[in-house]
Amino acid sequence: YDYYLEFFIENLDNVKRILEEVSMRKLPKDWKNIVLPVCEKCGKIATTRVVSVDVKEGIRYKCDRDVGYTKGCGHEGVVSIESHRWKLMWRLDWPSRQDFLGVDCEGGGVDHFTQGGSWDTAVAIHTKLFKKEPPIGYKYGFILIGGRKMSKSKGLGAVEEIVELLPPEVIKYFIFKHEIEENKDFRIEPGFLLRLYEEFQNVADLYESLGLNVDRAYWKKVYAYKLSTNGVRKWKSSFSDILVYYQIYRDWDIVCKKLDDCEGVKYLSKYIEKWIEKGFIPETYRVEYNPQKPPKHVEAVKDFIERLKPSMRDIDIHNLVYEVAKSHNINHRELFKSIYYALLGKDCGPRVGRLIVALGIDRVKNDLLKILESSP
């Protein structure tokens, strides 16, 4: 950057004029803040104000600016260009970096592309000072956290937490599936993340069956999946299934065998463990096998349990709930609640069919029939 700082010092009047024209605001008469020196005393950079700047004499500054979140220490000093204890102001930094890197095309957040913003300034610096064609620019939306722009200084960075809860390909899929200029609102909430895992899994199934030859309505998501994984899926089982099985058995070897997906289970195991460690599992997916007599619809629950067969699939078990509810003339929602209570001691849980398959049909049948037949 040394060359560019020296260039801007020599062209200070033109730099100031361009900044005023582009931003449509008048700068102070003695304005020289083309560079931000690092204060020799307190080490801050945002609080320094340039008093004078010269190629040979260096950057004379005073650390006295109040930038809202911090204040200057009042120190006055000089740093040389060769010390590199400075950086260019952002509106000059960007075009300088593009120039020395030979950038042809570069994107930026939509805020940089507002009229009179930093992109307009970069274009003006390229054309009017560097006498060169500017790069081609395009804008992209923000990644939001719960509707608010990511900001580490405001405690909205959350990147460390996100990468503990989601594997990289799911994070990339989330970003790629949106339009470039669209804001991407990410929520660190169990329900949101489970739906994202499920969507990723469904799109993976679609890609593996049809490739990119899908209906136009799904093409963007399928292509986002391909970009984020190179078309290779690392797990077959759903995240929610692995989550449920691990809570039941607490042994990854057993979960591997039960789901017949050892590589996938091992790949997702550290994320599952982090969900459990953080208490991040939603109530619906909290599983602790606790067989007991339900407070209501005992006969219907007993009938349902007696009709279970070892060969049943999860969908067969799910449909059986509706059949039994109809035969006992009760609302199926009430029967679901009673079955959950009989299995978990609460009135909600994962899908009943998947839950019973995970627990083991014979195990559930034996345990509950003993309880229900012995209860008065």
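All values below come from the heavy atoms of this structure, side chains included, with hydrogens, waters and symmetry mates left out.
- Residues W119 and T114 have side chains not in contact (no heavy-atom distance under 4.5 Å, counting atoms from C-beta outward).
- Distance check, rounded to the nearest 0.5 Å: OG1 of T48 to CD1 of I59 gives 9.0 Å.
- By the 4.5 Å heavy-atom criterion applied to side chains, S52 and E57 are not counted as neighbours.
- The pair E76-R60 does not count as a salt bridge, with every side-chain nitrogen at least 4.0 angstrom from each carboxylate oxygen.
- For the pair K257 and D253, the salt-bridge criterion is not met [side-chain N within less than 4.0 Å of a carboxylate O].
- Of the charged side-chain nitrogens involved, none lies within less than 4.0 Å of a carboxylate oxygen, so that R351 and D314 do not count as a salt-bridged pair.
- Residues E306 and L369 share a closest heavy-atom pair of CG-CD2, 3.7 Å.
- Residues H318 and Y322 come closest through the heavy atom pair O-CD1, 3.4 Å.
- The side-chain heavy atoms of P167 and L268, taken from C-beta on, include a pair separated by under 4.5 Å.
- Salt-bridge annotation for R85 and E40: absent, with no side-chain N of the basic residue lying under 4.0 Å from a carboxylate O of the acidic one.
- A donor atom on one side chain and an acceptor atom on the other are found under 3.5 Å apart for K44 and T70.
- Looking at D303 and R307, their side chains come closer than 4.5 Å, going by heavy atoms from C-beta outward.
- Using modelled atom types and a 3.5 Å distance limit, the side chains of N183 and H178 yield no donor-acceptor pair.
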Note to self: For H297 and F304: C-alpha separation, side-chain torsions, deciding distance, then whether ring pair (Phe, Tyr, Trp, His ring centres under 6.0 Å) applies.
What the structure shows: CA-CA 11 Å; H297 311 302; F304 167 77; over 10 Å; no

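- Judged by distance alone, the side chains of Y246 and D251 never bring a donor and an acceptor atom under 3.5 Å apart.
- Residues E181 and Y138 bring no donor and acceptor atom of their side chains to less than 3.5 Å of each other.
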Margin query: As a quick check of understanding, evaluate salt bridge (charged side-chain N to carboxylate O under 4.0 Å, His left out) for E263 and K234, giving each step before the final call.
Written below: CA-CA 7 Å; E263 287 188 14; K234 293 185 178 179; over 6 Å; no

Notebook entry, point to check: Run the ring pair (Phe, Tyr, Trp, His ring centres under 6.0 Å) check on W275 and Y285 step by step: do they pass?
Noted result: CA-CA 11 Å; W275 277 55; Y285 283 89; 8.9 Å; no

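- With hydrogens and angles left out, the side-chain atoms of E273 and W252 include a donor and acceptor closer than 3.5 Å.
- In this structure a side-chain-to-backbone donor-acceptor pair under 3.5 Å is missing from N366 to R363.
- Taking the side chain as every heavy atom from C-beta outward, K184 and L144 never approach each other to under 4.5 Å.
- Taking a cutoff of 4.0 Å between a charged side-chain nitrogen and a carboxylate oxygen, K128 and E21 qualify as a salt bridge.
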Item checked: Stepwise salt bridge (charged side-chain N to carboxylate O under 4.0 Å, His left out) test for E283 and K346 -> CA-CA 10 Å; E283 186 59 38; K346 59 180 185 176; 2.8 Å; yes

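- The shortest distance between side-chain heavy atoms of F142 and D185 does not fall below 4.5 Å.
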Notebook entry, point to check: Yes or no on ring pair (Phe, Tyr, Trp, His ring centres under 6.0 Å) for F239 and Y271, after CA distance, side-chain angles and deciding distance?
Noted result: CA-CA 9 Å; F239 182 84; Y271 302 102; 7.8 Å; no

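- A salt bridge does not link D362 to K365: none of the charged nitrogens lies less than 4.0 Å from a carboxylate oxygen.
- Between T47 and D64, every side-chain heavy-atom pair lies at or beyond the 4.5 Å cut-off.
- Side chain to side chain, W94 and E106 meet the donor-acceptor criterion of an N or O pair below 3.5 Å.
- For the residue pair H126/E133, the side-chain donor-acceptor check at 3.5 Å is not satisfied.
- A salt bridge links E334 with K296: at least one charged nitrogen is closer than 4.0 Å to a carboxylate oxygen.
- Here R233 pairs with D205 in a salt bridge; the nearest charged N to carboxylate O distance falls below 4.0 Å.
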Which pairs would a plain distance check flag for residues 213-226, meaning a side-chain donor or acceptor within less than 3.5 Å of a matching protein atom at least two apart in sequence or in another chain?
| from | atom 1 | to | atom 2 | distance (Å) |
| --- | --- | --- | --- | --- |
| D215 | OD1 | A217 | N | 2.9 |
| K220 | NZ | E179 | OE2 | 2.9 |

Margin query: Please evaluate residues K274 and E277 with respect to the criterion salt bridge (charged side-chain N to carboxylate O under 4.0 Å, His left out), reporting the C-alpha separation (whole Å), side-chain torsions for both, the decisive distance (0.1 Å), and the verdict.
Written below: CA-CA 5 Å; K274 189 59 68 172; E277 176 191 321; 3.4 Å; yes

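- Side-chain contact check for F8 versus I125: some heavy-atom pair is nearer than 4.5 Å.
- The residues D93 and R97 are annotated as salt-bridged, a charged nitrogen and a carboxylate oxygen being separated by less than 4.0 angstrom.
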